Every structure is written in C-alpha cells, then in structure tokens.
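This report concerns only the one structure given below.
In this text the structure is predicted, and so the values were computed from the model without any measurement. Atoms within a ligand are numbered from 1 in the order they appear, just like the ligands themselves. Note: hydrogens, waters and symmetry copies are ignored here, and every other heavy atom, side chains too, is used.
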Amino acid sequence: MTDLLTIGETMVSLRTARPMRLGGDAHLSIAGSESNVAIGLARLGHQAAWLGAVGNDEPGRLIQRTLRAEGVDTRWLRFSDESFTGFIAFDQPSHDITRVSYHRRGSAGSTLTSAECVDALNAAAPRLLHVTGITPALSGSARAATLDVVRAASESAVRVSLDVNYRGRLWSRAEATALRELLPFVHTVFASDDELDILTDASEPVRGLLDNGITEVVVTAGGKGAWSHTADGTIHRPALPVTVVDSIGAGDAFVSGYLSATLDHLSPDQRLDRATTSGAFCVTATGDWESLPTRADLTLLTRTQGT
Ligand code: CKP
Ligand code: MG
C-alpha cells in the first residue's frame with residue numbers, strides 16, 4: 001500500500017560552509033524537493049514512493065542508495081544511459097546567505113515522460129500524489145508528464161497536492177503561470193505568500209483559488225507562520241521560536257508534516273500544527289533532508305517549546 005507517490009528531479013549536491021570558489025572541504029549529498037517530501041513522510045512512518053530519472057552514473061547510485069536507506073520506495077527510479085544526474089551546488093558566502101547554482105539543463109531528471117508517471121500512478125494506487133512547480137519548469141516532457149499524472153490521479157480519485165516552489169533560475173514568473181493548467185486537478189495548494197499571484201490574477205488570490213475548486217490553500221510566510229484556508233474558514237499558526245541554522249528544505253519539511261497529518265486523518269488545526277513543527281525542526285540543523293524529523297523528534301520539539 002503506497003500512501004504517497006511523488007515525482008520530480010533529485011540531484012547530487014555539494015555544500016560548502018564558505019564561498020565555493022575558495023575550494024576546500026565540501027559535503028556530498030542529494031537534493032530535490034519531491035524526494036525531500038518522500039523522506040519526510042517515510043521518517044514519519046508512511047509508505048512513500050518517489051519517481052524520477054537519474055544518470056547511470058555514481059551520483060545516480062548515491063541518490064538511489066540514500067533514498068532506499070531512508071525507507072523511500074524507489075521501484076520507479078529510472079537509470080538513464082543517455083543523460084547525466086543533475087547537480088546542485090550550495091555555498092555559504094556568509095552565515096545568513098546560501099547561494100544555489102544548478103547544473104541540471106538536459107539532465108536525466110528532466111527527461112520524465114507521461115507514460116512512466118501514469119504507469120507508476122496506476123501501479124502504486126497511492127492515497128496522495130504530490131507534485132511541485134519545479135518539475136514542469138525542467139522541460140516540455142516533464143511539464144506534460146506533470147499535467148498527465150495529475151489529471152490521471154484526479155480521474156482515479158487520488159488526492160493531488162501542488163507546492164508552487166517557484167524557482168527563478170528555471171523560469172520567469174510569467175512562464176510559471178503555466179502551473180495554472182494543473183489547478184483543475186489539484187486538491188491542496190502549498191504556496192508562500194509571494195507565490196500566490198503565479199496561480200491566479202484574482203485580486204484576492206486565496207478566495208480566487210477556493211472559488212475555482214481548490215479545497216485547501218496552505219500559505220507559508222517564514223517567520224510569520226502559516227495559514228490554512230478552506231471553505232470553512234482560515235486557521236493561522238505562528239512559526240515556532242527556534243534558532244534558524246539552514247532554511248533550505250523548510251518548505252518540504254512543512255509539506256511532509258502537513259501531508260503526514262492528512263494521511264492520519266487529523267483535523268485542519270492538527271495538520272497545520274504538524275506542518276509548522278516539522279518545518280521548525282528542519283531549520284534547526286544543516287541539510288535539505290538530513291534534518292527532517294521523525295515522530296519522536298516532533299514530540300521533542302513540542303515539549304521544548306512548551307506548546
Ligand atoms: O522549498 P524548499 O527550500 O523546501 O526546497 C528545497 C529543495 O529541489 C532543494 O532540495 C533543491 O534541490 C530544490 O528545492 C530545488 O530544485 O531548488
Ligand atoms: Mg519550498
């Protein structure tokens with residue numbers, strides 16, 4: 001039984017604690033919003049599957065091994081002989097700034113096809129399908145694959161979530177309005193407050209999305225906390241007061257907490273509680289996914305904060 005299927009590109013990552021141009025020690029790992037969410041759900045005890053393509057190379061094998069070690073179902077991972085595993089470099093020129101460089105154009109991860117995504121969806125029959133706005137930005141075929149898999153999910157009554165995850169290095173905001181074509185098939189939208197206008201021209205974007213059939217609009221605003229909007233009203237949770245060490249991956253931690261609570265049939269309040277606690281836990285240590293919480297970790301933070 002698959003609880004959640006997610007599709008997207010996972011890259012090999014190199015991270016340095018100072019400007020990369022100076023050389024020196026680097027930490028080798030993996031990165032990718034969708035696989036971060038899959039790891040987050042697996043750590044919280046759910047059956048999560050990730051579909052993506054990697055090169056038939058050592059970085060690709062690192063991705064497969066890491067995801068397997070984290071308990072993510074990788075049976076739909078495809079090794080490509082034609083293209084390479086994408087690469088992301090993170091360097092920290094100063095304590096508060098993390099610079100990201102992508103090397104992913106033409107990568108294996110951008111060669112996703114509709115057929116492989118829809119076949120995996122049909123075989124996995126997951127309770128939830130999660131996609132992000134990064135995948136359609138990768139290539140024409142990845143965009144078509146995202147549209148076709150969310151349409152197929154919706155036709156099979158599989159609940160679809162979309163995290164906008166706008167990436168200015170991959171496409172312009174005008175190009176990203178292509179994400180609107182996914183909306184008829186989406187149940188839950190995750191967006192930061194500055195991403196909503198990508199999805200709608202409505203003067204009140206949240207209202208516009210709810211009026212157009214989105215069931216839940218979940219909006220994050222960093223230190224100001226998060227909101228969940230449904231036809232029944234709006235709920236807000238402040239951000240937990242933790243020391244932020246590394247905010248990359250916080251959005252994915254938030255999404256995995258939210259979707260975990262959804263899978264557990266929790267109330268809207270409890271969904272937002274688990275999401276904000278998971279996001280807060282993740283930012284307290286370095287790494288996109290390394291610092292994602294387990295269930296025990298969540299109770300630890302809740303107790304520390306006295307909430
Ligand atoms: O929105 P987040 O900071 O949670 O996303 C982080 C991920 O997939 C990171 O792992 C990186 O590889 C990426 O977003 C991306 O493609 O930018
Ligand atoms: Mg994000």
Q: Decide whether H46 and S260 meet the rule of one side-chain donor and one side-chain acceptor closer than 3.5 Å.
A: yes

Q | Electrostatic pair R237-D269, nearest N-O below 4.0 angstrom | A | yes

Q | 2.8 Å cut-off met by an N, O or S atom of N165 to the Mg ion (ligand 2) | A | yes

Q) Which one holds for D252 and ligand 1: side chain close, backbone close, both close, or neither close, with close meaning a heavy atom under 4.0 Å? A) both

Q: Give the atoms of ligand 1, by number and element, whose distance to some non-hydrogen atom of G32 is under 4.0 Å.
A: 8 (O), 10 (O), 12 (O)

Q) Is the closest basic N to carboxylate O distance between D148 and R143 below 4.0 Å? A) no

Q) Is it the side chain (CB and beyond), the backbone, both or neither of T132 that lies under 4.0 Å from ligand 1, heavy atoms counted? A) neither

Q) Does D91 pair with R21 as a salt bridge, N-O distance under 4.0 Å? A) no

Q | CG on L138 to CG on L112, rounded to 0.5 Å | A | 7.5 Å

(Q) Is the contact between M11 and ligand 1 made by the side chain, the backbone, both, or neither, using heavy atoms and a 4.0 Å cut-off? (A) side chain

(Q) Out of all atoms in ligand 1, which are within 4.0 Å of some heavy atom of G251? Include the element for each. (A) 4 (O)

Q) Looking only at heavy atoms, is any part of S13 under 4.0 Å from ligand 1, and if so is it the side chain, the backbone, or both, or is it neither? A) neither

(Q) Looking only at protein heavy atoms, which one is nearest to atom 15 (C) of ligand 1, and what is the separation? (A) Y102 OH, 3.3 Å

Q.
Check this for me: does any side-chain nitrogen of one of D194 and R173 sit under 4.0 Å from a carboxylate oxygen of the other?
A. no

Q: Considering only non-hydrogen protein atoms, determine which one is nearest to atom 11 (C) of ligand 1 and report residue, atom name and distance to 0.1 Å.
A: I88 CD1, 3.9 Å

Q. Side chain, backbone, both or neither: which part of D163 comes within less than 4.0 Å of ligand 1 when only heavy atoms are counted?
A. neither

(Q) Do the side chains of D211 and R207 get close enough for a salt bridge, i.e. N-O under 4.0 angstrom? (A) yes

Q.
Under 4.0 Å between a side-chain nitrogen and a carboxylate oxygen: does that hold for D264 and R295?
A. yes

Q.
Under a 4.0 Å threshold between the charged nitrogen and the carboxylate oxygen, would R68 count as salt-bridged to D73?
A. no

Q: Going by heavy-atom distance to atom 14 (O) of ligand 1, choose the closest among R169, R167, E34.
A: R167

Q) Near A250, which atoms of ligand 1 are under 4.0 Å from a heavy atom of that residue? A) 4 (O)

Q: Could you tell me the residue and atom name of the protein heavy atom closest to atom 3 (O) of ligand 1, and the distance to it rounded to 0.1 Å?
A: G249 N, 2.9 Å

Q) Between N36 and ligand 1, which residue portion shows a heavy-atom distance shorter than 4.0 Å: side chain, backbone, both, or neither? A) side chain

Q.
Are the side chains of I30 and M11 in contact, using a 4.5 Å heavy-atom criterion?
A. no

Q | Ligand-residue contact atoms, ligand 1 with D288, heavy atoms, under 4.0 Å | A | 9 (C), 10 (O)

Q | Protein contact of atom 16 (O) of ligand 1 - nearest heavy atom, named by residue and atom, plus distance | A | R104 NH1, 2.9 Å

Q.
Tell me the contacting part of E9 for ligand 1: side chain, backbone, both, or neither, using a 4.0 Å heavy-atom threshold, strictly below.
A. neither

